[in-house]
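Following this message is one structure expressed as structure tokens.
Because the structure is a prediction, the values reported are computed rather than measured.
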Amino acid sequence: MPDEENRPSWEAYFMDIAALVAKRSTCLRRTVGAAAVKNKQILATGYNGVPTGIRHCIETGCLRQQMNVTSGERHELCRGIHAEQNVIIQAAFHGVSIKGASLFCTNLPCSICAKMIINAGIKKIYFKDGYADLMSTEMLSDAGIEVIRFNRNHRGRD
């Protein structure tokens, strides 16, 4: 019989799924996973990695690493797509609206992802770890998107 005390909150459940999705990442610098959720249903997931059909960074190496690029800078030098971008792309590819959804991310989105999240109509972001991108935080705040640092001890409503 399930133990109600150990049953995860919805937030913990979806964050655990985002962490599992991150394990598919092929990025050499950071593994990130994300899931778009609405009405307690997963709409789309994504992890950071190269576009479909392109050789993975684990095969080609990382240009950003070779050039010693600081985290959060020079995103254009990366062959990969961020997890949040892949969530939005997967939803669009499969014809699923993510307007009004919450996004569960293992990392706070960067400013490029923040712009896409704003225009996709996502209303809330739960994240586990920070990211070195002040512009992201400012834009999400200006857009009225609720950003919540995930706390495993928080018990949401079931």
Side-chain angles (χ1 to χ4, degrees), residues 8 11-38 41-99 101-143 145-152 154:
E11 292 85 0
Y13 172 73
F14 292 123
M15 190 59 76
D16 286 348
I17 290 170
L20 180 62
V21 171
K23 291 182 178 186
R24 291 283 306 154
S25 172
T26 57
C27 180
L28 297 172
R29 291 174 54 132
R30 178 188 311 261
T31 59
V32 181
V37 175
K38 189 172 183 181
Q41 296 296 312
I42 297 170
L43 304 175
T45 63
Y47 54 89
N48 57 328
V50 298
T52 303
I54 305 296
R55 288 187 306 142
H56 296 286
C57 298
I58 55 177
E59 300 171 62
T60 64
C62 176
L63 181 60
R64 290 170 50 85
Q65 200 168 45
Q66 293 163 9
M67 294 177 68
N68 203 27
V69 176
T70 304
S71 181
E73 295 179 7
R74 305 287 315 269
H75 295 287
E76 75 279 5
L77 294 176
C78 181
R79 293 168 46 85
I81 299 171
H82 288 187
E84 303 89 335
Q85 294 167 352
N86 267 325
V87 165
I88 294 167
I89 291 165
Q90 287 301 310
F93 186 85
H94 294 288
V96 175
S97 173
I98 56 174
K99 182 179 181 183
S102 294
L103 188 66
F104 288 80
C105 302
T106 56
N107 290 83
L108 182 66
C110 72
S111 57
I112 294 170
C113 291
K115 292 181 250 186
M116 294 177 70
I117 288 166
I118 292 164
N119 279 358
I122 291 169
K123 296 298 179 197
K124 188 183 290 188
I125 298 171
Y126 292 90
F127 74 98
K128 185 177 171 194
D129 295 316
Y131 191 74
D133 194 334
L134 257 177
M135 185 186 292
S136 168
T137 306
E138 292 171 0
M139 286 192 302
L140 293 168
S141 176
D142 288 350
I145 295 175
E146 189 176 358
V147 178
I148 301 164
R149 184 167 208 142
F150 175 71
N151 175 352
R152 182 148 305 274
H154 172 73

Check your understanding: Would you call I112 and Q85 a side-chain contact if the rule is heavy atoms closer than 4.5 Å?
Key -> yes

Exercise for review: Kindly compute the distance separating CD1 (I125) from CG (L140), expressed to the nearest 0.5 Å.
Suggested key: 4.5 Å

Check your understanding: Would you say K124 and I148 make side-chain contact, with heavy atoms under 4.5 Å?
Key -> yes

Point to revise | Where G46 and A83 come nearest, the two heavy atoms and their spacing | key: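 Closest heavy-atom pair between G46 and A83: O-CB, 3.5 Å.
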
Point to revise | Straight-line distance of K123 NZ to I98 CD1, nearest 0.5 Å | key: 11.5 Å

Check your understanding: CD1 of I122 to CD1 of I145: how many Å apart, nearest 0.5 Å?
Key -> 7.5 Å

Point to revise | Separation of I89 CD1 from M116 CE (nearest 0.5 Å) | key: 5.5 Å

**Study point:** Flag side-chain contact, heavy atom, 4.5 Å: Y47 against K23
**Key:** no

Practice item. Please check if the side chain of Q41 supplies one atom and the backbone of K38 the other of a donor-acceptor pair under 3.5 Å. Key: no

Practice item. Show your working on side chain to side chain contact (heavy atoms under 4.5 Å, CB included) between N86 and N48 and close with a plain yes or no. Key: CA-CA 7 Å; N86 267 325; N48 57 328; 6.0 Å; no

Review point. Under the ring-ring contact (aromatic ring centres under 6.0 Å, His included) test, which residues partner Y13, sequence neighbours left out?
Key: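 If we apply the ring-ring contact (aromatic ring centres under 6.0 Å, His included) test to Y13, skipping adjacent residues, the hits are W10.
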
Check your understanding: Are Y126 and F150 close enough that their ring centers fall under 6.0 Å?
Key -> no

Point to revise | Pairwise side-chain contact, V147 with T137, heavy-atom cut-off 4.5 Å (strictly under) | key: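 Answer no - side chains too far apart.
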
Check your understanding: Looking at H82, E84, K128, which hits side chain to side chain contact (heavy atoms under 4.5 Å, CB included) with C105?
Key ->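 Answer after filtering H82, E84, K128: E84.
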
Revision key, fill the gap. Interatomic distance, SG@C78 vs CD@E76, rounded to 0.5 Å, equals 10.0 Å

Revision key, fill the gap. Scanning both residues in full, the closest heavy-atom pair of A44 with V87 reads CB-O, 3.7 Å

Check your understanding: Taking S136 for the side chain and P109 for the main chain, is one N or O donor matched with an acceptor at less than 3.5 Å?
Key -> yes

Practice item. Return the minimal non-hydrogen interatomic distance between A101 and L43, and the atom names on each side. Key: CB-CD1, 4.0 Å

Practice item. Check A22 against V32 and note the closest heavy-atom contact, atom names and distance. Key: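 Where A22 meets V32 most closely, the heavy atoms are CB-C, 3.5 Å.
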
**Study point:** side chain to side chain donor-acceptor pair (under 3.5 Å) contacts touching residues 103-115 (sequence neighbours left out)
**Key:**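 For residues 103-115: S111-D133.
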
Check your understanding: Quick one: does R64's side chain have a donor or acceptor within less than 3.5 Å of a partner on R74's backbone?
Key ->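 Side chain of R64 to backbone of R74, a donor-acceptor pair under 3.5 Å: yes, one is there.
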
**Study point:** Minimal non-hydrogen separation, Q66 against T60, with atom names
**Key:** NE2-O, 4.5 Å

**Study point:** Within 6.0 angstrom of R29 CZ, more than 12 heavy atoms from elsewhere
**Key:** yes

Review point. Rounded to the nearest 0.5 Å, how far apart are CD1 of I88 and CG of L103?
Key: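 Answer for the CD1-CG pair, I88 versus L103, is 7.5 Å.
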
Check your understanding: Should C57 and V50 be marked as a side chain to side chain contact (heavy atoms under 4.5 Å, CB included) after you check the CA-CA gap, both sets of side-chain angles, and the distance that decides it?
Key -> CA-CA 7 Å; C57 298; V50 298; 3.9 Å; yes

